[in-house]
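Heads up: the structure comes next, in structure tokens.
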Number of protein chains: 2
Amino acid sequence: MKESSLCPRLAKAMELLGKRWTTLILYQLLEGSQRFNEIESALPVSGRLLSERLKELEKEGIVERKVFPEVPIRVEYSLTDKGFALEGAIREVEKWSQNWLES
Amino acid sequence: MKESSLCPRLAKAMELLGKRWTTLILYQLLEGSQRFNEIESALPVSGRLLSERLKELEKEGIVERKVFPEVPIRVEYSLTDKGFALEGAIREVEKWSQNWLES
DNA sequence: TAAGTAAAGTTACTTTTCGTAACTAGATGT
DNA sequence: ACATCTAGTTACGAAAAGTAACTTTACTTA
């Protein structure tokens, strides 16, 4: 894929946030740390994609993964500072959606 | 696809804005009215997808299409009020990208 | 002791969406 | 007659997403 000449950083941001489910996953995590299954239940996303997205977000330093070696295993995902820094953007989209979308 | 129980309006918003190129197209249009070819040149998006995205955005009332029957034909796209209302959200993402992404 | 349950994924397979490039239409210029 | 311009559309292979079944490890229940 070619690069956006226009604003490479925004383009990069949108390549992340623009992927299906990513922003909704982050919106979930704004509530606080959550387990894999909690996120999976809260959103209509499948395990396959949730796993993929969380790995991408972890790699970008937006989400942190903590394993608790209990039985059964517990894994918690939470936002890093970089992740929390997205709250403003997400809230703006939320506001827009409430003002301009119906139902 | 199942529905998000969580926040249907945000989910709807992200289904629109989360599509590849959509937000960058809107970012372009924040600069003002633009022709099809101008947008196509500014972004690494192909005519096929640009056409598809503009139609979706027009259908949602976010973008307006005006045809000037000159020769050759001129078509200009611009944001509606609903589209301009997204400026805050887009600027927040832009800010985040400048603060947290490198290069 | 065998079977069932639970969490956090992974695998295999099908369907959608995307990317690339070639093509179209109408009017004009050479 | 042929090339040029804009704003698209079409065809097709490649990549991403949706769905559902399966895996692993360690209990717990029958």
Side-chain angles (χ1 to χ4, degrees), chain A residues 1-6 8 11-26 28-29 32-60 63-78, chain B residues 1-6 8 11-26 28-29 32-60 63-78:
Chain A
M1 185 168 52
K2 285 175 295 176
E3 260 182 49
S4 171
S5 45
L6 161 69
K12 175 81 192 300
M14 289 316 302
E15 217 168 302
L16 277 169
L17 306 178
K19 284 201 174 169
R20 208 166 232 165
W21 307 118
T22 300
T23 299
L24 293 177
I25 291 168
L26 297 175
Q28 263 297 295
L29 292 178
S33 198
Q34 310 228 352
R35 311 177 57 160
F36 190 90
N37 274 350
E38 284 182 284
I39 306 174
E40 197 178 9
S41 306
L43 299 173
V45 68
S46 67
R48 194 180 78 70
L49 276 202
L50 180 54
S51 171
E52 200 171 302
R53 290 295 179 266
L54 287 170
K55 272 184 202 158
E56 292 163 3
L57 291 169
E58 198 191 350
K59 207 178 86 189
E60 293 293 330
V63 156
E64 193 181 8
R65 178 175 185 270
K66 272 184 210 138
V67 179
F68 299 82
E70 306 169 352
V71 170
I73 196 176
R74 181 159 60 100
V75 179
E76 295 205 345
Y77 292 90
S78 55
Chain B
M1 183 169 54
K2 284 175 295 176
E3 262 183 46
S4 171
S5 46
L6 160 69
K12 175 81 192 302
M14 290 315 303
E15 216 167 302
L16 278 169
L17 306 177
K19 285 202 173 170
R20 206 167 231 166
W21 307 118
T22 299
T23 299
L24 293 176
I25 292 167
L26 297 175
Q28 264 297 293
L29 292 178
S33 199
Q34 310 228 351
R35 310 176 58 160
F36 190 91
N37 273 350
E38 284 182 284
I39 306 175
E40 197 178 8
S41 306
L43 299 173
V45 67
S46 67
R48 193 181 79 69
L49 275 201
L50 180 54
S51 171
E52 199 172 301
R53 291 294 179 267
L54 287 170
K55 271 184 203 158
E56 292 163 2
L57 291 169
E58 199 191 350
K59 208 179 84 190
E60 293 292 330
V63 157
E64 194 180 7
R65 178 176 185 270
K66 273 185 209 134
V67 179
F68 300 80
E70 305 169 354
V71 170
I73 196 174
R74 182 160 59 101
V75 180
E76 295 206 344
Y77 293 90
S78 55

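We name chains A, B, ... by the order of the sequence lines, and we start the count at 1 in each one.
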Task: Residues within residues 48-56 of chain B bordering DNA chain C, heavy-atom distance below 4.0 Å - done: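 Listed by number, they are B:Arg48, B:Leu49, B:Glu52, B:Arg53.
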[N] phosphate, OP1 or OP2: any side-chain N/O from [X] under 4.0 angstrom?
X: A:Tyr77; N: C:dG9; value: yes
X: B:Trp21; N: C:dG19; value: yes
X: B:Arg35; N: D:dG8; value: no

If I take atom [atom1] in residue [X] and atom [atom2] in nucleotide [N], what distance separates them, rounded to the nearest angstrom?
X: A:Leu43; N: D:dA17; atom1: CG; atom2: P; value: 15 Å
X: B:Glu38; N: D:dG8; atom1: CD; atom2: C1'; value: 16 Å
X: B:Glu40; N: D:dC5; atom1: CD; atom2: P; value: 14 Å
X: B:Lys66; N: D:dA7; atom1: NZ; atom2: P; value: 15 Å
X: B:Gln34; N: D:dG8; atom1: CD; atom2: P; value: 14 Å
X: A:Ile73; N: C:dG9; atom1: CD1; atom2: P; value: 7 Å

Open item on the list: Would the distance check show the side chain of B:Gln34 and the main-chain N or O of B:Gln28 forming a donor-acceptor pair, the cut-off being under 3.5 Å?
Closed with: yes
Task: Presence of salt bridge, B:Arg53 and B:Glu56, under 4.0 angstrom - done: yes
- [ ] Measure the CD1-CG distance between A:Ile39 and A:Leu26 for me, rounded to the nearest 0.5 Å.
- [x]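 With rounding to 0.5 Å, CD1 (A:Ile39) is 9.5 Å from CG (A:Leu26).
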- [ ] Between A:Glu70 and B:Arg74, name the one whose nearest nucleotide on DNA chain D is closer to the 5' end.
- [x]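 Final value for this comparison: B:Arg74.
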Evaluate the side-chain proximity of [Y] to [X]: yes if any heavy-atom separation is below 4.5 Å, no if none is.
X: A:Phe68; Y: A:Glu76; value: yes
X: A:Val75; Y: A:Lys66; value: no
X: B:Pro8; Y: B:Lys12; value: no
X: B:Leu16; Y: B:Glu60; value: yes

Open item on the list: Applying a 4.0 Å non-hydrogen cut-off, can you work out what B:Phe68 is touching in the nucleic acid: base, sugar-phosphate, or nothing?
Closed with: nothing
Heavy atoms from C-beta onward define the side chain here; which of [options] lies closest to that of [X]?
X: A:Pro72; options: C:dA6, D:dC5, C:dA8; result: C:dA6
X: B:Arg20; options: C:dG19, D:dT19, D:dA7; result: C:dG19
X: B:Asn37; options: D:dG18, C:dG19, D:dT6; result: D:dT6

